[in-house]
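Just so you know, ligand 1 is whichever comes first in the structure, and atom 1 is the first atom listed for that ligand.
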Amino acid sequence: MEKKIEQLLGQERRICITGHVHPDGDCVGSCLGLRSYLLTLDPALTVDVFLEPSPASFSILAGFEKIRMYQEEDGDYDLCFVLDAGERGRLGANASCLEHAGRIICIDHHRTQRAFVEEQIVRPEASATCELLFDMMDEEKISLETAECLYLGIAHDTGVFRHSNVTRHTMEAAGALIGKGVRHSKIVNDTFFAKSYLQNQLLGRALVESIVFCEGQCIVSMVSLKTMDFYRAAHEDLEGIVDQLRLTRGVEVAIFISETEFQVYKVSLRSNEKVDVSRVAEYFGGGGHLRAAGCTMTGTFYDVVNNLSEQIAPQLGM
Ligand code: 5GP
Ligand code: MN
């Protein structure tokens with residue numbers, strides 16, 4: 001049994017919550033879900049959420065408009081929750097709020113967790129940080145607003161209940177949240193499946209330009225800085241491309257590479273059944289889960305693919 005949020009709390013009145021850079025559904029869902037739950041426990045608490053700008057579609061969640069970056073003027077907090085982040089480096093500029101917190105608690109589900117605070121609750125078997133948070137909440141006190149945040153996070157980190165990280169417990173948690181009345185169909189359609197015209201154009205381009213290697217077991221595609229500039233695209237416009245690549249028949253590993261600075265790349269890795277991509281990402285200084293991981297790499301596109309291929313091939317028995 002997980003320790004309940006209520007048991008974790010002491011006399012803290014000023015609480016802040018932060019999560020990883022390029023916030024995804026689980027990150028935003030867990031931060032806003034915990035905020036909403038804490039305010040249900042005690043509406044007089046101060047609960048601030050510090051995250052980088054995240055996809056506008058998440059504005060369906062209560063409290064989204066209050067999310068901001070931490071600034072020195074925000075001052076000190078009695079307690080800071082760090083959610084869905086396996087290491088300090090993943091917090092980007094918001095890491096500075098840790099210096100202003102009396103106590104820090106990290107709640108996460110990454111298998112590549114590198115302990116960076118004293119109090120850590122890490123469950124790699126949880127499909128999402130939102131699933132773990134659900135276990136830490138008293139079901140009776142989960143409001144509809146809290147439930148929608150948690151449902152969105154679980155839906156996103158499981159690829160809408162398709163990935164191998166889904167367990168009976170994941171479905172039971174999702175079922176309980178549906179029982180609270182969440183707009184489950186709207187949440188997955190508006191925030192997961194819906195794409196802007198620009199997103200579809202970038203997806204199409206990435207698919208057309210993809211290359212297979214390792215005898216068809218790996219697929220890779222890249223979007224360069226030049227292309228990003230041409231389309232005036234942002235990082236969030238690339239969401240979902242790697243998942244589409246992964247669906248290519250016969251493919252075990254899908255790699256999507258986006259250039260963030262000249263010859264600096266954000267690498268997203270996904271696998272289907274065999275390859276532990278968290279090991280590959282960790283080798284290059286990143287991390288993640290068994291079937292979904294990421295890292296940052298440098299050099300030419302060909303250097304990056306060669307280096308990745310050297311780490312992946314042995315896991316494919318090549
Ligand atoms: P994505 O490919 O969607 O950005 O990330 C997939 C998973 O890998 C997520 O759980 C994400 O938190 C993790 N991840 C992505 N990039 C990095 C990274 O650079 N470092 C670490 N530690 N984890 C990452
Ligand atoms: Mn997550």
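Between Val277 and Ala293, the closest heavy-atom pair is O-CB, 3.5 Å. Nearest heavy-atom pair, Ala85 versus Phe116, reported as atom, atom and distance to 0.1 Å: O-CE2, 3.7 Å.
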Could you go through residues 101-109 and list every donor-acceptor pair under 3.5 Å that involves a side-chain atom there, pairing it with any protein atom two or more places apart or in another chain?
| from | atom 1 | to | atom 2 | distance (Å) |
| --- | --- | --- | --- | --- |
| Arg103 | NE | Glu119 | OE2 | 2.8 |
| Arg103 | NH1 | Leu8 | O | 2.9 |
| Arg103 | NH1 | Glu12 | OE2 | 2.9 |
| Arg103 | NH2 | Leu8 | O | 2.9 |
| Arg103 | NH2 | Glu119 | OE1 | 2.9 |
| Asp108 | OD1 | His110 | N | 3.4 |
| Asp108 | OD1 | His110 | ND1 | 2.7 |
| Asp108 | OD2 | His110 | N | 3.2 |
| Asp108 | OD2 | His110 | ND1 | 3.1 |
| Asp108 | OD2 | Gln113 | NE2 | 3.0 |
| His109 | ND1 | Ala126 | O | 3.0 |
| His109 | ND1 | Ser127 | O | 3.3 |
| His109 | NE2 | Asp26 | OD2 | 3.3 |
| His109 | NE2 | Asp84 | OD1 | 3.2 |
| His109 | NE2 | Asp157 | OD2 | 3.1 |

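Glu273 has no carboxylate O lying under 4.0 Å from a charged side-chain N of Arg291, or vice versa, which leaves the two without a salt bridge. Looking at Asp48 and Arg68, a side-chain N of the basic residue comes within less than 4.0 Å of a carboxylate O on the acidic one, giving a salt bridge. Ionic pairing of Lys226 and Asp229 is not present here: no N-O contact between side-chain nitrogen and carboxylate oxygen is shorter than 4.0 angstrom.
At a cut-off of 2.8 Å, measuring from the Mn ion (ligand 2), the protein N, O or S atoms that fall short of it are Asp26 OD2, Asp84 OD1, His109 NE2, Asp157 OD2, waters left aside.
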Apply salt bridge (Lys or Arg N to Asp or Glu O under 4.0 Å) to Arg183 and Asp190, showing your working. CA-CA 11 Å; Arg183 297 167 290 170; Asp190 291 3; over 6 Å; no

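Closer than 4.0 angstrom to ligand 1 lie heavy atoms from Glu87, Arg90, His110, Lys266, Ser268, Arg270, Gly286, Gly287, Gly288, His289, Ala292, Ala293, Gly294, Cys295.
The ring pair (Phe, Tyr, Trp, His ring centres under 6.0 Å) analysis of residues 229-278, with sequence neighbours excluded, yields the pairs His22-His235.
Between the side chain of Thr191 and the main chain of Val188, no donor-acceptor pair closer than 3.5 Å is present.
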